[in-house]
There are 2 protein chains.
Amino acid sequence: MASSGTAPRRVTIHDVARSAGVSRQTVSRALNDKGEIDATTKERVLDAALALGYRPSRFARGLVRQDTISVGLVIPDLLNPFFTEVAAAALDAARTRGWHVVVYDTGDRPDEERGTLEMIASQVDAVVGYLSRPEEEIDKLARGLPVVLIDREHRAERFSTIRIDGEAGVHAAIRHLYDAGHRHIGMLDHAGRSEPSVRHDWFAGAMASHGLPAHAVSRADQSVEGGEAALKDLLAAHPEVTAVFTFNDIVAIGALRAARRRGLRVPDDLAVIGFDGLSLGALVEPPLTTVALNTRELGALAVEQTARLLTGETPLSTGELVVRGELRVRESA
Amino acid sequence: MASSGTAPRRVTIHDVARSAGVSRQTVSRALNDKGEIDATTKERVLDAALALGYRPSRFARGLVRQDTISVGLVIPDLLNPFFTEVAAAALDAARTRGWHVVVYDTGDRPDEERGTLEMIASQVDAVVGYLSRPEEEIDKLARGLPVVLIDREHRAERFSTIRIDGEAGVHAAIRHLYDAGHRHIGMLDHAGRSEPSVRHDWFAGAMASHGLPAHAVSRADQSVEGGEAALKDLLAAHPEVTAVFTFNDIVAIGALRAARRRGLRVPDDLAVIGFDGLSLGALVEPPLTTVALNTRELGALAVEQTARLLTGETPLSTGELVVRGELRVRESA
DNA sequence: AGCGCTCACGTGAACGTTCACGGGGGAGCT
DNA sequence: AGCTCCCCCGTGAACGTTCACGTGAGCGCT
């Protein structure tokens, strides 16, 4: 009557000990290769454990030896190659430190980001990633958890932020176009927020420094299709444009495509320069000229800062938390 | 003398309780929005917690309410778009279940895979992924942990495996080429293992069914450069070849590139068909014809099976654990 | 006044493991 | 024989939370 129908209680180290006729400690020794145990005893314990289907509780273990670190990595869209590269870099940096990385893909939905943050907070020792929600909210949800942000456009003060500085790179890109004779240069900005992006500011600055107007701007969804549509818009509104700088490489690839469909030759009829430096850009035709970011460094920096926050070392200064873009000339411009 | 220099002991719920002049339980109530607590008391507790920098131990919490599930996702190379897609799909499927996914990128090194498995085993409730080590070893390292494998070529018996069945798709691909008049069709196989891949077997079978020989085979590293080199080899050894089927899309893209460098027009001079159905394939020029796999389904299946293994439901049968490839004709063939 | 009910809070126990000890027994030595 | 030492093993405590209770104060009702 008591043997059946009861809740399927977890099999603990006690059960194994009893079954093998030893104590908990001996079982622990056997499972963790601790030494101080007879070979035959060890085998007997191991057999018992296997027979009972015993698996140690990671919680109980973690509770007593507090030695495992795991960080949450929050990403808007893993399928976006930029974030893929950043994630890969972060995973790599974390691996060398023996950290566990819990990855959350918010699918570009800010409301998901909120829920994610909520469930994350109780499961990791730190959060790094690309968050778009307001700082106060992050602060509230993270509840004192170390947080390292990536490329947060509005100056994040409360948290460490890896800043992306493309100013010099964009200037170099515009100079490159200028030197090639282009005078009518447009931009395909993002369409996400209502305000223009920081990248657009760099573009405008660079244009101004050559005495060029920066009014030929269209907005593009961050996808290949978005880039296609945006280039069409841009050329419709500004037929004189002979070169475009884009918010990122994905959009640029869309522009490449739209240009091809229109029968425009790249770079002869239309020059295209992207932003991000995706390895994907080298695969398309023609290979994409771009302002490249070192995503490996980006991921590594984020992890490094997280480590310092975690250990209480002196964190990196804002001046050090920067990744700069640099012009990588391929064939599209 | 006692106040300084001691180890930086963790601040616990006790400390908060003492500081706020209440009991542990009240603190717990305040932090978890449990109700049965006075509003002012709650605020006082929250303030104390914030002031002390208190953060609950995920281990202690997990120990008592055993409600959070986390699975390990092991991937050979996140930068390989195929695995990116699978990972994204798995993340998505896991999210709907409220699981945490710990991601490990072994960087294509089997020795890393071993270490990963070791550290993973004590940190997750199940493992899903692409593992290449021998079954006995996985078995030993996993120690009873549910394991779901993806596309394991050598029949995995001990573990659930999501099988990739490209036979029909590859037959369709070869038929497509045959109908277009191709009689000399080569293949770019992988170079990883010493034996030919299962995909090569499908290729050979399909060729045989059209009475064609399948001896024009080169081996390619799984990279764009590998594909380039392999096509060069293939054409050197078999100049009569007018069409190639490749181990995967990445290799196919390399082949596309090598063809372009040689001045061969695709598909007129050389037809190319890949395998995997990466969305990346639609971006290259010309868009890649391929035997497409539904990676979303792949990831979803893996997670679904993991769920069944975890809850003790009746697991999916091998017959259900299959993802079939189907020919997706674009422009490269 | 007495009863019962609700609200706000506290107390022991439990979750499952490892750590720091402590101890028995046999082998080897003097 | 007696001592020491080492090997192997067991016992209480601790890790930091939450759960299931228990309790007292205050209030409304008859």
Using heavy atoms to find the nearest nucleotide of DNA chain C for Gly21(B) and Ile13(A) separately, return the residue whose nucleotide is more 5′. Gly21(B)
If only atom types and distance count, is the side chain of Ser28(A) paired as donor or acceptor with the main-chain N or O of Arg24(A) below 3.5 Å? no
Reckon Lys34(A) touches a base, only the sugar-phosphate, or nothing at all at heavy-atom distances under 4.0 Å? sugar-phosphate
Is a side-chain donor-acceptor pair under 3.5 Å present for Ser317(A) with Glu320(A)? yes
Base, sugar-phosphate or nothing for Arg10(A)? Non-hydrogen atoms, less than 4.0 Å. sugar-phosphate
Between Arg44(B) and Asp47(B), is there a side-chain N and carboxylate O pair less than 4.0 Å apart? no
Let me know, please, whether Gln25(A) or Glu36(A) comes out on the 5' side of the other along DNA chain C by nearest nucleotide. Gln25(A)
Thinking salt bridges, do Arg58(A) and Asp125(B) make one under a 4.0 Å N-O criterion? yes
If I take atom CG from residue Leu131(A) and atom CG from residue Leu141(A), how far apart are they, to the nearest 0.5 angstrom? 10.0 Å
Are any of the side-chain nitrogens in Asp111(A) or Arg114(A) under 4.0 Å away from the carboxylate oxygens of its partner? no
Among Asp165(A), Leu316(A), Ile162(A), side chain to side chain contact (heavy atoms under 4.5 Å, CB included) partner for Val322(A): Asp165(A)
Using a strict heavy-atom distance below 4.0 Å, which residues from residues 48-66 of chain A are in contact with DNA chain D? Leu63(A), Val64(A), Gln66(A)
At a 4.0 Å cut-off to heavy atoms of chain A, the contacted part of DNA chain D spans dC8(D) to dG16(D)
Charged N to carboxylate O below 4.0 Å: is that the case for Glu304(A) and Arg308(A)? yes
